Amino acid sequence: QVQLVESGGGLVQAGGSLRLSCAASGRTFSGYAVGWFRQAPGKEREFVAAISWSGVVRYYADSVKGRFTISRDNAKNTVYLQMNSLKPEDTAVYYCAAPGSSDTTARAMAQAMGVIPVAYWGQGTQVTVSS
């Protein structure tokens, strides 16, 4: 059974920074793309960022480009999301997600319409940005 555990969320003022971590157990992240998604109250879950298994290819939602950075450390089986210049509209529960197949690319996770091609979700970590 694969388990994804996010950490690093919290309350921060606008303009501040947070670093989220996602640690996997039960299966190695190596060889698999990984993504971050978020869901604000009353809104649908939306894509934030995704990274290829090698870490070379990265995709970002337009709303976070230039402010967020996704990275990974396969030796630690951990993926990170560095969030800078946070805005109140970034307030949401942030989820780490991994596909069930190594054939699922970061691009597929970034461009999914409707059904998101992931098999495993973390429990989520709350990020609240105050104005």
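Model, not experiment: these values are computed from the prediction.
Using a 4.5 Å heavy-atom threshold, the side chains of Tyr95 and Cys22 count as separate. No side-chain heavy atom of Tyr32 sits under 4.5 Å from any side-chain heavy atom of Thr104. No side-chain heavy atom of Ile70 sits under 4.5 Å from any side-chain heavy atom of Tyr80. A 4.5 Å side-chain heavy-atom check between Ser7 and Ser21 finds at least one atom pair inside the cut-off. The closest side-chain heavy-atom distance from Leu81 to Val48 is below 4.5 Å. The side-chain heavy atoms of Leu20 and Met83, taken from C-beta on, include a pair separated by under 4.5 Å. Counting heavy atoms from C-beta on, the side chains of Arg107 and Val57 never come closer than 4.5 Å. Taking 4.5 Å as the limit, some side-chain heavy atom of Arg45 sits within range of a side-chain heavy atom of Trp121.
Of the possible polar contacts, none joining the Arg58 side chain to the Ala106 backbone as a donor-acceptor pair under 3.5 Å is found. Asp90 places no side-chain N or O within donor-acceptor distance of the main-chain N or O of Ala14, the cut-off being under 3.5 Å. Distance alone, capped at 3.5 Å, is enough to place a donor-acceptor pair between the Glu6 side chain and the Gln123 backbone. In terms of modelled atom types and a separation under 3.5 Å, the side chain of Gln13 and the main chain of Ser130 share no donor-acceptor contact.
Taking NZ of Lys43 as the reference point, atom CD of Glu89 lies at 8.5 Å (rounded to 0.5 Å). Separation of atoms CD1 (Ile116) and CD (Gln111) is listed at 13.5 Å; rounding is to 0.5 Å. Of the inter-residue distances, the one linking Trp53 atom CH2 with Arg72 atom CZ reads 9.0 Å to the nearest 0.5 angstrom.
A salt bridge links Lys65 with Asp62; the closest basic N to acidic carboxylate O contact falls under 4.0 Å.
Ring centroid separation for the pair Phe37 and Phe47 comes in under the 6.0 Å cut-off.
Heavy atoms from other residues, nucleotides or ligands lying under 6.0 Å from CD of Gln39 number more than 12.
Side-chain contact annotation: Asp73 with Thr78, donor-acceptor N/O pair under 3.5 Å absent.
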Can Ile51 and Tyr59 be said to form a side chain to side chain contact (heavy atoms under 4.5 Å, CB included), step by step?
-> CA-CA 7 Å; Ile51 189 167; Tyr59 292 89; over 6 Å; no

Asn84 and Phe68: CA distance, side-chain angles, deciding distance, side chain to side chain contact (heavy atoms under 4.5 Å, CB included) verdict = CA-CA 6 Å; Asn84 298 329; Phe68 290 12; over 6 Å; no

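Here Glu46 pairs with Arg38 under the side chain to side chain donor-acceptor pair (under 3.5 Å) rule; sequence neighbours left out. Thr128 pairs by the side chain to side chain donor-acceptor pair (under 3.5 Å) definition with Gln126, not counting sequence neighbours. Checked against side chain to side chain contact (heavy atoms under 4.5 Å, CB included), Val12 has the following partners two or more places apart in sequence or in another chain: Leu18, Leu86, Val129.
Across Cys96 and Leu4, no two heavy atoms sit closer than the pair O-CD1, 3.8 Å. When all heavy atoms of Pro117 and Pro99 are compared, the closest pair comes out as O-CB, 3.6 Å. When all heavy atoms are compared, the tightest approach of Ser131 to Pro88 is CB-CG, 3.9 Å. Residues Ala92 and Ala40 approach most closely at CB-N, 3.8 Å, considering heavy atoms. Here the closest non-hydrogen pair linking Ser71 and Val79 is O-CG1, 3.3 Å.
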